[in-house]
Amino acid sequence: MQNCGVRSDVCVYPILMKSVGKVAVELHAHVLKMGYGCDVYVRNTMMGVYVKYGPIEVARKLFDEMSEKTVVDWNSMISGYWSWGCGVEACELFDLMPERNVISWTAMVTGFSKMRDLKSARRVFDEMPEKSIVSWNAMISGYDKNGFAEEAIRLFTEMVKSGFQPNEITWVKVISSCSSRGDPCLAGALVKMMDEKRAHLNYFVKTALIDMHAKCGSLETARKIFDELGVHKNSVAWNTMISGYTRVGDLISAKELFERMPEKDVVSWNSMIAGYAQNGQSARAIELFQEMATTKESKPDEITMVSVISACGHLGALELGNWVVNFITQNQIKLSISGYNSLIFMYSKCGCMKDARKVFQEMATRDVVSYNTLITGFAAHGHGSEALELMLKMKDEGIEPDRVTYIGVLTACSHGGLLEEGCEVFDSIEDPEVDHYACMVDLLGRVGKLDKAKELIERMPMSPHAGVYGSLLNASRIHKRTDLGELAANKLFELEPQNSGNYVLLSNMYASRGRWEDVERVRKAMRQGGVKKTTGWSWVEYGGKMHKFIVGDRSHERSSDIYQLLTELRKKMRAAGYIADKSCVLRDVEEEEKEEMVGTHSEKLAIAFALLVSEAGSVIRVVKNLRVCWDCHMAIKMISALEGKEIIVRDNNRFHSFSKGQCSCNDYW
DNA sequence: TTAGGGTTAG
């Protein structure tokens with residue numbers, strides 16, 4: 001630099017400053033040392049660098065040192081304050097401005113929108129002496145970003161009426177608002193209007209259109225626009241199309257595009273992983289995450305981890321979950337509220353309420369979801385009073401309970417047998433919804449007040465859904481009220497004729513009373529209606545891996561050992577005289593599987609595997625999809641009695657601990 | 001050569 005002339009030296013500083021960004025401080029020191037600190041051009045640029053990279057206070061110092069400030073300087077400083085979240089300082093400067101232009105006003109609109117203060121943004125917008133297309137776009141964008149799609153569309157209509165011609169950016173924002181509404185009629189009207197106004201479709205507009213069509217139910221149109229983009233598609237277009245497919249559960253098409261993508265970014269991975277996680281394919285979600293971590297094409301971020309943590313939760317895979325937590329720490333992935341919320345969910349689902357509560361307590365700020373997740377966790381484990389306490393705490397902290405909170409608390413009361421408290425909560429709900437009624441029917445039913453439950457159903461202001469009658473049916477089973485069970489089941493056969501669970505429950509109720517003709521009648525109805533007993537995979541976590549089993553499955557590497565163990569158990573059971581038991585369970589097994597006492601239900605395969613791999617006397621962790629149906633329950637009881645081992649089984653939300661043939665469970669059985 | 005608005009994942 002020593003060889004350069006003075007003039008060219010000064011010219012080079014602004015360019016250098018912008019390119020170095022974070023080391024601007026050293027450069028600034030150098031500039032001052034060289035005596036160029038007074039140059040207007042250099043100083044303005046330097047201020048711009050501090051506005052962008054901070055500290056914002058230094059930018060302000062430079063601003064204050066300016067002898068003649070132009071409106072540009074004021075605007076720079078104001079938008080700088082906004083981008084650092086300093087709304088108060090931005091407002092102060094705006095009030096002090098000797099003259100404002102449309103850019104100053106627009107910066108204020110954008111600033112308030114960024115701080116989610118739409119009221120102030122709109123106030124400034126309405127007060128503007130003149131508006132530009134950018135001002136309109138800023139306000140529309142503010143509404144859209146903060147989830148006020150209706151307002152955005154309304155303002156857009158107003159804008160068109162007042163004679164402004166929308167530009168590409170306007171279209172992008174209006175299309176985006178339309179997407180979040182998911183309304184095909186609105187989407188159609190917008191497309192028509194764009195056509196009439198001869199809207200210019202640039203890349204952003206086309207991508208936004210793909211998203212809108214995908215979200216408004218027209219994947220074909222979305223795909224057509226996507227294909228027409230040709231070979232030079234950027235990752236945003238690919239990602240939009242991929243999530244369009246995952247949203248409707250078409251994971252095959254999504255994966256196909258994902259594989260074909262030339263360059264995947266973090267959003268591509270996140271879309272695909274979330275796609276699996278949200279469509280019940282938790283194991284695939286985790287597998288893909290592991291692939292992502294191995295290939296290192298993109299670095300996983302918080303959004304990735306939220307999907308993965310929640311997938312672990314759904315699987316009840318605690319060992320894996322802890323590994324993921326470790327991964328987050330090692331890779332220094334910063335978690336926000338939603339990240340912590342997903343951890344609460346995972347620990348709750350894995351039955352570790354202590355850890356769930358610990359995460360909750362360590363959070364600096366919590367939202368309604370944090371509370372709801374922990375409350376729902378307590379509910380699932382029958383911790384009624386903890387759930388109630390938490391609801392009071394959230395009110396104290398100024399967070400209003402919502403419908404999910406009430407469902408959680410009522411369920412907690414129900415599982416914890418807190419009748420009085422539950423009734424009190426229910427009475428406090430301003431406008432109880434059908435789900436809240438279902439919870440109350442469950443609560444009344446479980447404590448044995450079945451007639452009261454039936455009365456409540458009759459008094460409901462809306463028509464009861466399957467959940468309401470499902471609760472009644474379950475309570476009727478527990479308290480052996482065949483009359484009400486029949487009533488509930490018959491309603492359920494109308495409401496959800498294909499749900500095999502209802503038939504099975506009623507059939508089991510008859511069976512427990514020895515009413516075999518009725519059992520046969522229900523089974524016949526099931527056969528005639530073409531209702532198939534639903535089967536699913538059962539999962540066991542062992543050695544940090546998930547093992548899955550399904551009826552009749554022989555794909556597991558230890559399959560022959562598993563079947564051998566089952567055969568041995570069968571023999572032991574016969575020898576122990578269980579064959580003579582005339583309970584419905586054995587009858588069920590005998591009829592359906594003829595030979596095998598312990599059949600090849602997915603649950604039984606999973607339990608046999610767990611028995612196989614566990615040390616004698618250890619606790620076996622059986623997770624996910626072990627619907628502890630009646631016959632499975634009996635089978636585990638027998639196995640635990642025969643083998644003298646303790647078995648802990650997780651039903652969807654409950655834990656059952658079997659030891660020496662006895663089941664201790666926090667729920668009614 | 002400094003000031004305001006744009007698409008995807010939770």
Side-chain angles (χ1 to χ4, degrees), chain A residues 11 14-15 17-18 40-49 51-52 63 66 69-80 82-83 100-111 113-114 124-125 128 131-142 144-145 166-176 179 202-212 214-215 226 229 233-244 246-247 254 264-275 277-278 298 300-310 335-339 341-342 369:
Chain A
C11 280
I15 300 162
M17 284 168 185
K18 266 194 266 172
V40 180
Y41 183 29
V42 173
R43 202 189 44 201
N44 281 1
T45 318
M46 204 65 231
M47 189 186 109
V49 171
V51 157
K52 199 170 170 192
F63 175 81
M66 290 175 176
K69 297 180 188 76
T70 65
V71 66
V72 177
D73 300 317
W74 286 87
N75 289 347
S76 277
M77 197 60 231
I78 287 174
S79 57
W82 280 120
S83 64
R100 299 164 180 152
N101 63 11
V102 66
I103 296 176
S104 332
W105 286 91
T106 309
M108 294 303 283
V109 172
T110 313
S113 308
K114 211 180 267 170
V124 174
F125 180 78
M128 286 178 83
K131 293 180 178 71
S132 69
I133 180 72
V134 182
S135 328
W136 284 96
N137 290 348
M139 195 64 231
I140 292 172
S141 170
D144 180 61
K145 258 189 225 143
N167 67 9
E168 282 100 329
I169 295 173
T170 325
W171 290 122
V172 167
K173 290 320 300 179
V174 180
I175 294 167
S176 150
S179 309
N202 69 7
Y203 206 96
F204 284 105
V205 179
K206 282 181 187 165
T207 312
L209 278 172
I210 295 174
D211 189 48
M212 181 183 78
K215 283 182 179 153
F226 174 80
L229 287 178
K233 284 185 275 282
N234 69 9
S235 64
V236 180
W238 285 91
N239 298 340
T240 308
M241 201 60 231
I242 288 171
S243 47
T246 61
R247 205 173 291 117
K264 301 176 189 69
D265 60 15
V266 65
V267 180
S268 327
W269 288 94
N270 288 352
S271 307
M272 206 57 232
I273 292 171
Q278 285 159 15
S298 315
D301 63 5
E302 189 196 2
I303 297 172
T304 324
M305 300 328 291
V306 167
S307 292
V308 177
I309 296 167
S310 121
L335 296 187
S336 67
I337 296 185
S338 59
N341 289 349
S342 66
V369 181

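Residue numbering restarts at 1 for every chain, and letters A, B, ... go by the order of the sequence lines.
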What is the nucleic acid contact for Lys69(A), judged by heavy atoms within less than 4.0 Å: base, sugar-phosphate only, or nothing?
nothing
What I want to check is whether an N or O donor and acceptor connect the side chain of Thr240(A) with the base of dT8(B) at under 3.5 Å.
no
Phosphate OP1/OP2 of dT8(B): any Lys264(A) side-chain N/O under 4.0 Å:
no
Sequence neighbours left out, what passes side-chain hydrogen bond (donor to acceptor under 3.5 Å, both in side chains) with Gln278(A)? Give chain and number order.
none
Contact under 4.0 Å: Ser141(A) side-chain N or O vs dG6(B) OP1/OP2
yes
Let's test your reading of the model: under 3.5 Å, does the base of dA3(B) pair with the side chain of Asp73(A) as donor and acceptor?
no
Distance in Å, Thr240(A) OG1 paired with Leu209(A) CG, rounded so as to fall on 0.5 Å steps:
11.0 Å
Of all the nucleotides listed (dT8(B), dT2(B), dG4(B)), which has the minimum atom distance to the side chain of Val72(A)?
dT2(B)
Counting side-chain heavy atoms from C-beta on, which of dG6(B), dG4(B), dA3(B) comes nearest to Asn75(A)?
dA3(B)
Report the distance from atom CD1 of Ile140(A) to atom OG of Ser113(A), rounding to the nearest 0.5 Å.
11.5 Å
When you measure from the side-chain N and O atoms of Lys131(A) to the phosphate of dG4(B), is any distance below 4.0 Å, counting only OP1 and OP2?
no
Between Arg100(A) and dA3(B), does any side-chain N or O lie under 4.0 Å from OP1 or OP2?
no
For dG10(B), does the base pair up with any side-chain atom of Ser342(A) as donor and acceptor (N or O, under 3.5 Å, distance only)?
no
Does dT2(B) have OP1 or OP2 under 4.0 Å away from a side-chain N or O of Lys52(A)?
no
All side-chain hydrogen bond (donor to acceptor under 3.5 Å, both in side chains) counterparts of Ser132(A), not counting sequence neighbours
Ser135(A)
